[in-house]
Visitor: 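What follows is a structure written as structure tokens; I'll ask about it next.
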Protein chains: 2
Amino acid sequence: MQTSIVENAQAQNAFKALADPTRRNILLRLSVEDLTIAELTQHFPMTRAAVKKHLLILEQGQLISVRVNGREKINHLEATGFKDAQAWMSYFDQFWDSKLMALNMAIANQQIQND
Amino acid sequence: MQTSIVENAQAQNAFKALADPTRRNILLRLSVEDLTIAELTQHFPMTRAAVKKHLLILEQGQLISVRVNGREKINHLEATGFKDAQAWMSYFDQFWDSKLMALNMAIANQQIQND
DNA sequence: TTAATACGATACCTTTTGGTATCTCTTTTG
DNA sequence: CAAAAGAGATACCAAAAGGTATCGTATTAA
């Protein structure tokens, strides 16, 4: 009765940030152009405070970065978090090719730390 | 003040399932071998009921499938959910190559439905 | 056939999450 | 300078999430 598998704090923050549909929509918006909090809020049915909270979580997941410009905060898409999540998922790609199944087992057994 | 971007229900279920560290650990376990609920529970510091709840969410995200064998339920890794999440994220890959930035804007503007 | 095993279902509890409202601070702008 | 605009901080609330305990059902094994 123990957790025993290596967990990556960065991947956790990225996946957590990606789990909310509003946050994923924010990322799509920011893929078009950098936007301030007020500008982003115009596109969502919620208050600026709520959008700001989502932006904080996206920042913690390193999916966006924030640049200060006077009284404005400009939100910008960031690669790091995407790459963290993609890297975690890429481990599983091998399992969809049945030819590699035998090799899989050896690698998988190394990724998992037994208790 | 409106949500305006296309959202995919499958991607939502997959990302939601991936957001929890216990569930990601379950997926790693299942990458080694198919396991019953009871077998999985041995590796985690929680009750069978809790593990079962996680398995339901993983199934809804199409990250696993369940096969009945007598009184046992055997949990098996499934590609669909992974591919859903990876497909959603792959849209952003283009933004990390600055050479493609000009092309980006045109594509992005099509992906987003204006209000 | 009786008992143990594997699991499902339900009710319940606590913490987290997603949201609001309100007040304050800083930076622009007229 | 005064006022408006952009954003931070805090308190608060309802719902969802993650967990437990308990009881019931079906399947296997002694």
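A quick note: this is a predicted structure, and the numbers were derived from the prediction, not measured. Basis for what follows: all heavy atoms, side chains included, without hydrogens, waters or symmetry-related copies. Naming convention: chains lettered A, B, ... in sequence-line order (proteins, then strands); numbering from 1 in each chain.
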Visitor: For the pair made of CG in A:Asn13 and P in C:dT17, what is the distance, rounded to whole Å?
Guide: 11 Å
Visitor: Minimum heavy-atom separation for B:Asp20 to A:Gln12, with atom names?
Guide: C-OE1, 4.4 Å
Visitor: Atom CG of B:Leu77 and atom CG of B:Leu28: how far apart are they, to the nearest 0.5 Å?
Guide: 9.0 Å
Visitor: In chain order, what residues pass the side chain to side chain donor-acceptor pair (under 3.5 Å) check against B:Ser90, with sequence neighbours excluded?
Guide: none
Visitor: Using the side-chain heavy atoms of A:Glu72, tell me which of these nucleotides is nearest: C:dC7, D:dA7, D:dA4.
Guide: D:dA7
Visitor: Looking at B:Lys52, I'd like to know whether one of its side-chain N or O atoms comes within less than 4.0 Å of OP1 or OP2 on C:dG8.
Guide: yes
Visitor: Atom CG of A:Leu55 to atom P of D:dA9: distance rounded to whole Å?
Guide: 14 Å
Visitor: State which residues pass side chain to side chain donor-acceptor pair (under 3.5 Å) with B:Glu72; sequence neighbours excluded, sorted by chain then number.
Guide: none
Visitor: Rounded to the nearest angstrom, tell me the gap between atom CD in A:Gln42 and atom P in D:dA7.
Guide: 11 Å
Visitor: Figure out the CZ/P separation between A:Phe44 and C:dG18, and round it to whole Å.
Guide: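 Rounded to the whole Å, the gap is 14 Å.
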Visitor: What is the distance from CG of B:Leu56 to C1' of C:dA9, rounded to the nearest Å?
Guide: 12 Å
Visitor: Does the protein touch nucleotides 10-19 of chain D at the base, only the backbone, or not at all? Give it as B, S and - per nucleotide, heavy atoms under 4.0 Å.
Guide: -------SSB
Visitor: Group every Ile, Leu, Val, Met, Phe, Trp and Tyr by side-chain heavy-atom contacts under 4.5 Å, then state whether A:Tyr91 and B:Phe82 land in the same group.
Guide: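 Yes: a chain of side-chain contacts under 4.5 Å links A:Tyr91 to B:Phe82.
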Visitor: So, B:Arg23 side chain and B:Leu18 main chain: donor-acceptor pair closer than 3.5 Å or not?
Guide: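 No, because the side chain of B:Arg23 does not come within donor-acceptor range (under 3.5 Å) of the backbone of B:Leu18.
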Visitor: Can you give me the closest heavy-atom contact between A:Gln60 and A:Gln10, atom names plus distance?
Guide: O-NE2, 4.4 Å
Visitor: What is the distance from CZ of B:Arg71 to P of D:dT27, rounded to the nearest Å?
Guide: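 Spelled out: CZ on B:Arg71 to P on D:dT27 is 10 Å.
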Visitor: Need to verify one output field. Residue with the more 5' nearest nucleotide on DNA chain D, B:Gly70 or A:Ala38?
Guide: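 The answer here is A:Ala38.
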Visitor: Taking NZ from B:Lys73 and P from D:dT25, how many angstroms apart are they, rounded to a whole number?
Guide: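 Atom NZ in B:Lys73 sits about 16 Å away from atom P in D:dT25.
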Visitor: Which listed nucleotide (C:dC7, C:dT27, D:dT28) is nearest to the side chain of B:Arg48?
Guide: C:dC7
Visitor: For DNA chain C, whose closest nucleotide is more 5', that of B:Asn75 or that of A:Asn69?
Guide: B:Asn75
